[in-house]
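Some notes on the structure that comes next.
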Amino acid sequence: MAAIDKRTHERTFVRTFFTTPTAVEGEDDSAKMLEGAAGLSGMEAPDVWVPDNEDATAPNMRDEGAQNIIDVVSEYGPDYPGEIHPRVVWHRDSPSTRYQGFQRMLEITDPDNGAVEYIDGFVIPEVGDIDDWKKADEFFTIIENEHGLEEGSLKMSVIIESGAAELAMGKLRDEMGKPTNNLQRMFLLVDGEVDYTKDMPAITPTGGLPAWPELRHNTSRGASANGLIAVDGPYDDIRDVEGYHERMTENQAKGMLGIWSLTPGQVVEANKSPLPPQEGYWILDADGREVELEREDGVEVYAGNRVSLEETDDGYVLSVGSDDLELSEGELREELLDLLDYVPSLDDIVDSMEEFEAAKESGKGAIAMTQSATVEIDGVRVDIGRDRMWDEATYQALQTPITLFQDVYENRPDQHDDLAELYDEAVVERAMDVGN
């Protein structure tokens, strides 16, 4: 059986999954949206571009959409900076739909049409149980043999939009690597919360989508167990940038570092979101709301009204919401440390990793790292500091953002200029060396 815990594809991380209609009805050039997406670069270009010949394209336009994929990818493919994975039609309960998807995949990958050398794989929607995944894999294998391609060379990603597909993730580990299939070709597990909600079936008072945190956790777990990459579904309120960031932050804490993007603007936000910040900063839990402190002359200043601090003859009064606490100086430091957290910059993470590596080389298994700051609330300044023990497990956990940064830098040279604007050149060089 294959070693499925090891990722077999070049990309270790996928931040962005960007879908584009393959044919727009009523336009002189039905492929204009494909052509626009194919010309994106830098932070506007996704890690995975998905010409969407399923839900995003009207059924009567899908044959034309398949031809548009061929025409656009054969022209723009040589210079496209990300991976290209068209989505085709499929359905666990419809043999005729599966056959349509198979026929279009067969046409798109025909070497005589000039597109297949730039096609990295296909996205299969509406999958069911594990046997349905194996049916799709068999179609991939037939296509590869029909066109003289190496078996397993076309990656397969699936969209989890049914309870059956969610349960199938738990069986994938037992199936992948068997000589009777080529499921090692699996690449992405992508959540599709809209159809998942329909499949459950679920109802909310407002008619909005449930958040489905369990699905996102299960998909992230399924990806981790099988050496794959987890991607969250679309966030359709494209103007709600703050909500999009909150969703990505929640996902990243689950190990789901990729998200569906519907616009180039969302692609930019999602490409940057998992990267460490340019400058480290402190955040304060202000009565349930996280607030970033402003740095002024080396002092971290809170300027809101949810938290207040007053110095008295006997000590201090710290007010958080409706709670007033009378504290000594030592007690105040402890309370503030409970309310404060530090978000490290790329430079901070590299510094800490280098310091631990040096300590490990000198024979130390663990060291204390100190974080300190002067915090100002209502004009009252307090010096705080905490020691955090670093051992090998801490080092490995903190290495993930560096590994992601290295993966991006190696695979997306078109983003080097953008990264140079975010980070100092010396920090980039050190980040590419640390941990290797």
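Throughout, residue positions are numbered sequentially from 1 according to the sequence presented.
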Spacing of [atom1] belonging to [X] relative to [atom2] belonging to [Y], to within rounding of 0.5 Å:
X: E138; Y: I142; atom1: CD; atom2: CD1; value: 4.5 Å
X: I259; Y: N251; atom1: CD1; atom2: CG; value: 5.5 Å
X: H91; Y: S96; atom1: NE2; atom2: OG; value: 10.5 Å
X: Q371; Y: R388; atom1: CD; atom2: CZ; value: 7.5 Å

I'd like to know whether T22 forms a side chain to side chain donor-acceptor pair (under 3.5 Å) with N68, so could you lay out the CA-CA distance, the side-chain angles of the two residues, the decisive distance to 0.1 Å, and finally the verdict. CA-CA 6 Å; T22 60; N68 286 344; 5.9 Å; no
More than 12 heavy atoms of other groups within 6.0 Å of [X] [atom1]:
X: E294; atom1: CD; value: no
X: E290; atom1: CD; value: no
X: K32; atom1: NZ; value: no
X: N305; atom1: CG; value: no
X: E242; atom1: CD; value: no

Under a plain distance cut-off of 3.5 Å, with no hydrogens placed, do [Y] and [X] share a side-chain donor-acceptor pair?
X: S352; Y: W390; value: no
X: W49; Y: T20; value: yes
X: E392; Y: Q396; value: yes
X: S41; Y: D414; value: no
X: T141; Y: R185; value: yes
X: Q67; Y: D71; value: yes
X: Y235; Y: D240; value: yes
X: E357; Y: Y395; value: yes
X: N60; Y: E25; value: yes
X: Y196; Y: E166; value: yes

Carboxylate-amine/guanidinium contact [X] [Y], below 4.0 Å:
X: D407; Y: R412; answer: no
X: R430; Y: D351; answer: yes
X: E161; Y: K198; answer: no
X: D132; Y: R92; answer: no
X: K171; Y: D174; answer: no

Taking [Y]'s backbone N and O only, do any of them form a donor-acceptor pair with [X]'s side chain (distance below 3.5 Å, no angle check)?
X: N226; Y: R173; result: yes
X: R15; Y: N271; result: yes
X: R104; Y: A66; result: no
X: D348; Y: P344; result: no
X: D120; Y: E83; result: no
X: N181; Y: E175; result: yes

Classify the ring geometry between [X] and [Y] as parallel (under 30°), tilted (30 to 60°) or perpendicular (over 60°).
X: H85; Y: F187; result: parallel
X: W282; Y: Y342; result: tilted
X: Y99; Y: F102; result: tilted

Is the shortest heavy-atom distance from the side chain of N182 to the side chain of F140 under 4.5 Å?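 Not touching, per the 4.5 Å side-chain cut-off.
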Run the side chain to side chain donor-acceptor pair (under 3.5 Å) check on S345 and Q278 step by step: do they pass? CA-CA 6 Å; S345 66; Q278 181 182 26; over 6 Å; no
Among I70, T109, I143, find the one that has a side-chain contact (heavy atoms from CB on, under 4.5 Å) with V116.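 That would be T109; it is the only one of I70, T109, I143 passing the side-chain contact (heavy atoms from CB on, under 4.5 Å) with V116.
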Intermediate values then yes/no, side chain to side chain donor-acceptor pair (under 3.5 Å), T16 and S261: CA-CA 6 Å; T16 38; S261 300; 5.6 Å; no
Where A56 and P21 come nearest, the two heavy atoms and their spacing: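 Taking A56 first and P21 second, the nearest heavy atoms are O-CB, 3.5 Å.
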Apply ring pair (Phe, Tyr, Trp, His ring centres under 6.0 Å) to W90 and F122, showing your working. CA-CA 11 Å; W90 184 272; F122 287 91; over 10 Å; no
